[in-house]
2 protein chains.
Amino acid sequence: MDFHLKESIGQKVVNFCVNKKKQQTEQTKKKIADSARSLFAQKGYKATSIEDIVKATGCSAGNIYYHFKNKEGLFLYLLEDWNREWDKTWLAKEKLYATTTEKLYGMAEYLALDQLSHPLTKAADEFFNNSEKAPEVEERINEMVKGYIDFNRQLLQRGIDHDEFEIANVTGLAIILDGLMLGLNQHSRRMDREEALAAYRLAMDVFLLGIAKRTR
Amino acid sequence: MDFHLKESIGQKVVNFCVNKKKQQTEQTKKKIADSARSLFAQKGYKATSIEDIVKATGCSAGNIYYHFKNKEGLFLYLLEDWNREWDKTWLAKEKLYATTTEKLYGMAEYLALDQLSHPLTKAADEFFNNSEKAPEVEERINEMVKGYIDFNRQLLQRGIDHDEFEIANVTGLAIILDGLMLGLNQHSRRMDREEALAAYRLAMDVFLLGIAKRTR
DNA sequence: TACAATACTGAACATATATTCAGTATTATA
DNA sequence: TATAATACTGAATATATGTTCAGTATTGTA
């Protein structure tokens, strides 16, 4: 209405206007991400087409490619988003456990439930194992795997420092722990909630007994 | 040369002729299976096209469909062939080990090496996790998984009978053992021979300590 | 030799599906 | 208000690829 107002407030108005575009972008990006996540979870990576996402979001194919580099990029975004979410949730949850042993049981429980409510894991497996990916994507995946291993390694190291476990090869066991969770995840798809929880707990029982301090 | 000879020998000649066709079929089927196995192992399931197999074998697309129902059927054939091979090899190997503990270490070692030399596992994972499969195929896969679990269950049960382990939930542990091997398999793809062997051995160390009889 | 069954060919079919791009609409800037 | 930047459209592109089928060649049968 009054253009002098615009100038008098200056930067603030500009920021507001810029934000309106940023806001729109964020909103659209989120809408695409949410639909895509749900579809990937239901149908898997390959089986979910851009067309599917177009139908689910109501926005055009071109718009998806405006916000994401390509299908791979969209999926990577979801994976990284998921990792961020995990870090956040875990950081809050971790404090509730006193010992590393308790933390590991807590992690197992969370994984059991997260995987059931969050079947993106299935699509992730498909994506990780699919051999037709760009080198940069391969690299990004390697980093993610390294991150998971490192997470376990640090957890186990703290357990050693607190005299809970007796471990010589920490990295090796970090890999084994990840492998155990990874393998169980596949089996948990054929289980209901209670079975999955029991399986993860049992796995952790065995793992912990396997690395427990021995009484000589 | 002499048509009377044909008649005088009778059934034998007939069989010989029938065999010539059967022989041809077997030979072609094997050629296709071998090429396909190698391609699936290199490129993965989805990434290997019928066209690829056509080029590798030198026979036509139609011929592949003459011998196998479709691409899924061809892959299932390879999986079942692999299972048969495993059963045979294991049956021979198993006798060399006295205790179940030794058998489990033997199994781990074999899996570590087999998976390296036999990267069909990667394609198998892709295939198992792919959600676009016919119901009958799904069923066949479920049976295979059941078979793997049952194999472990029997192995563990024998260990219990011989007082080697202390296990309450045999089936649960059979699943965990399979999951452990499955998860390790994924990681072993990023390892060389020695690393993989060490990882599998360490995993079995932990697993066995985790289910060992306790001294009270 | 005539007929039947089996083994095989390869082009055509059907279709799915990631990606681009010329153009339009909306919003920011001066 | 004019220009630039950003957000978006949707049809066209490009192409890959599983599967079929009419027809041919080889082998078995009587």
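These numbers were taken from a predicted model, which means no experiment stands behind them. Labels below follow one simple rule: chain letters A, B, ... track the order of the sequence lines, proteins then strands, and each chain is numbered from 1.
Taking 3.5 Å as the limit, the base of C:dT27 and the side chain of A:K20 contain no donor-acceptor pair of atoms between them.
Taken to the nearest 0.5 Å, the OH atom of A:Y200 stands 4.5 Å off from the CG atom of A:N185. Separation of atoms NZ (A:K29) and CZ (A:F68) is listed at 5.5 Å; rounding is to 0.5 Å. In this structure, OG1 on B:T100 lies 8.0 Å from CG on B:L156, to the nearest 0.5 angstrom. A distance of 12.5 Å separates CG in B:L202 from CG in B:L197, rounded to the nearest 0.5 Å.
Taking atom CD on B:Q24 and atom P on D:dA25, their separation rounds to 16 Å, with Å as the unit. As a whole-Å value, the separation of A:Q23 CD from C:dT27 C1' is 13 Å. One interatomic measurement links the two molecules: NZ of B:K43 to P of D:dA16, which rounds to 11 Å at whole-angstrom precision. B:K55 has its NZ atom 14 Å from the P atom of C:dG10, to the nearest Å. Separating the CD atom of A:E26 from the P atom of D:dT6 is a distance of 16 Å, rounded to the nearest angstrom. C:dA18 atom P lies 8 Å from atom CD1 of A:I53, rounded to whole Å. As a whole-Å value, the separation of B:K21 NZ from C:dA4 P is 15 Å. Distance, A:E51 CD to D:dT9 P: 13 Å, rounded to whole Å.
Side-chain nitrogen and oxygen atoms of A:T28 include none within less than 4.0 Å of the OP1 or OP2 phosphate oxygen of D:dA7. OP1 or OP2 of C:dT9 sits under 4.0 Å from a side-chain N or O of B:N63. Side-chain nitrogen and oxygen atoms of B:Q27 include none within less than 4.0 Å of the OP1 or OP2 phosphate oxygen of C:dA7. Considering only side-chain N and O atoms, A:Y66 lies nowhere under 4.0 angstrom from the phosphate OP1 or OP2 of D:dC8. The side chain of B:Y65 places an N or O atom within less than 4.0 Å of a non-bridging phosphate oxygen (OP1 or OP2) of D:dT19.
Between A:R84 and A:D87 there is no salt bridge, since no side-chain N of the basic residue sits under 4.0 Å from a carboxylate O of the acidic one.
In this structure, of D:dA11, D:dA7, C:dA18, it is D:dA7 that holds the atom nearest to the side chain of A:T25. Checking C:dT9, C:dA7, D:dT19 against the side-chain heavy atoms of B:S60 singles out C:dT9 as nearest.
Below 30°, between 30° and 60°, or above 60°: for B:F40 and B:Y45 the angle between ring planes is below 30°, a parallel geometry.
For the pair A:Y65/A:I50, a side-chain contact is recorded, criterion being any heavy-atom separation below 4.5 Å from C-beta on.
Distance alone, capped at 3.5 Å, places no donor-acceptor pair between the B:K93 side chain and the B:M107 backbone. No donor-acceptor pair under 3.5 Å is formed between the side chain of A:K43 and the backbone N or O of A:S49. A side-chain donor-acceptor contact under 3.5 Å links B:K71 to the backbone of B:T48.
Contact annotation for A:T57: no contact, since no heavy-atom pair falls under 4.0 Å across all strands.
Both A:S49 and B:G62 lie close to DNA chain C; mapped to their nearest nucleotides by heavy-atom distance, the more 5′-ward contact belongs to B:G62.
At a non-hydrogen distance threshold of 4.0 Å, A:N70, A:K71 from residues 68-81 of chain A come into contact with DNA chain C.
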Query - Nucleotide-level pairing of DNA chain D, given in dot-bracket where Watson-Crick and G-U pairs need both distances under 3.5 Å and | marks other strands - result: |||||||||||||||||||||||||||.||
